[in-house]
Amino acid sequence: MSFLEAKDLHASIEGKEILTGLNLVINKGEVHALMGPNGSGKSTFANVLLGHPKYTVTSGDILVKGQSLLNLSTDERARKGIFLGFQYPIEIAGVGYSHFLRNAYNTLTKTLGEEQKNREVFLTVREFHEYVKRNLDSVGLDPAFLSRYLNEGFSGGEKKRSEVMQMLVLKPNVAILDEPDSGLDIDAVKSVAEAINKLIDTGAGVVVITHYARILRYLSRLDHVNVMAKGRIIKSGDKGLSEELETKGYGWLGLEEN
Ligand code: ADP
Ligand code: MG
């Protein structure tokens with residue numbers, strides 16, 4: 001059975017229809033790329049999946065293991081193991097990074113416990129810190145980040161790595177990463193991709209929203225490349241499709257590039 005499925009999804013913001021019949025099936029452990037011109041609705045789809053209050057689903061459905069998500073709040077969706085890595089992570093002063101992670105981890109462990117038997121139980125704060133430090137290390141962030149506020153004063157690249165790090169710690173069932181490569185230099189793109197590979201190793205389904213084939217080349221697994229235009233997926237293929245887009249742009253698909 002599919003883990004996550006969007007069925008003929010239509011969604012609008014302030015009366016304007018942005019998603020216009022989007023279909024996508026993500027099976028457990030699958031890695032998808034979601035590409036498409038600016039303004040095609042990629043971030044909207046990510047936001048709608050998590051129930052952003054500004055968007056209204058006007059028809060269609062989002063199913064997790066066959067059950068509709070639409071009546072669930074954002075935190076209930078998160079507790080189903082869906083994690084969104086933001087295109088523009090926000091800074092939250094006053095929320096300690098470590099405190100935030102530990103609360104989120106414990107909450108998820110409680111709800112996903114039976115489903116994810118490999119979740120470790122940390123009895124002390126110190127044990128949990130060691131676990132987070134290993135993950136910080138694997139994305140090249142300093143352990144000092146543990147004592148900072150969430151994203152506050154992080155550079156663009158640090159914010160992106162921090163999003164993937166949070167996923168490594170929390171072990172979602174499906175992770176959606178909205179442009180994890182934007183604003184990063186070439187080396188940083190590689191290190192974010194390697195961090196995503198660790199997430200893939202956990203068996204999570206992963207959706208990488210990106211404009212570039214580069215980050216996809218580093219991924220250890222890539223099952224489907226989906227291209228969005230005007231609010232729906234108009235073409236799907238394999239890795240070859242992302243390479244084709246890299247060289248030819250979107251014009252050959254009969255789309256206007258913007
Ligand atoms: P992508 O991530 O593919 O670049 P987005 O999902 O961010 O695209 O945007 C899709 C469309 O939705 C764009 O045309 C954008 O202008 C529009 N949009 C996004 N937010 C709003 C908003 N608050 N009000 C009106 N239109 C919006
Ligand atoms: Mg976007």
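Just so you know, ligand 1 is whichever comes first in the structure, and atom 1 is the first atom listed for that ligand. Everything numeric in this text was worked out from a predicted model, so none of it was measured. Side chains included, hydrogens not; waters and symmetry mates left out as well; all remaining heavy atoms used.
For F86, the CZ atom counts as loosely surrounded, since its 6.0 Å shell holds 12 or fewer non-hydrogen atoms of other residues, nucleotides or ligands. In the displayed structure, K239 atom NZ is contacted under 6.0 Å by more than 12 heavy atoms of other residues, nucleotides or ligands.
One finds a salt bridge joining E120 and K171 here, because a Lys/Arg side-chain nitrogen approaches an Asp/Glu carboxylate oxygen to under 4.0 Å. Under the 4.0 Å criterion applied to side-chain N and carboxylate O atoms, D75 and R77 are not assigned as salt-bridge partners. A salt bridge does not link E179 with K160: none of the charged nitrogens is closer than 4.0 Å to a carboxylate oxygen.
Cation-pi geometry between R102 and Y105 is not met at under 6.0 angstrom from the ring centre and within 45 degrees of the axis.
Atoms of ligand 1 found under 4.0 Å from any heavy atom of N38, numbered from 1 in the order shown, are 4 (O).
Compare G41, A229, A46 by their heavy atoms: the one nearest to atom 8 (O) of ligand 1 is in G41. Considering only non-hydrogen atoms, atom 13 (C) of ligand 1 lies nearest to G39 out of A11, S40, G39.
The side-chain contact (heavy atoms from CB on, under 4.5 Å) check on E152 picks up E91, A93, Y149, with sequence neighbours excluded.
In terms of protein heavy-atom proximity, atom 7 (O) of ligand 1 is closest to S43 CB, 3.7 Å.
Of all the heavy atoms of E14, the ones lying under 4.0 Å from any atom of ligand 1 belong exclusively to the side chain. Only the side chain of I18 comes within 4.0 Å of ligand 1, counting heavy atoms alone; its backbone N, CA, C and O stay farther away.
Distance remark: protein heavy atom not present below 4.0 angstrom from atom 19 (C) of ligand 1.
Using a 4.0 Å heavy-atom cutoff, P37 is listed among the residues neighbouring ligand 1.
At a cut-off of 2.8 Å, Q87 is counted among the residues with an N, O or S atom near the Mg ion (ligand 2). For residue N38, no N/O/S atom approaches the Mg ion (ligand 2) to within less than 2.8 Å.
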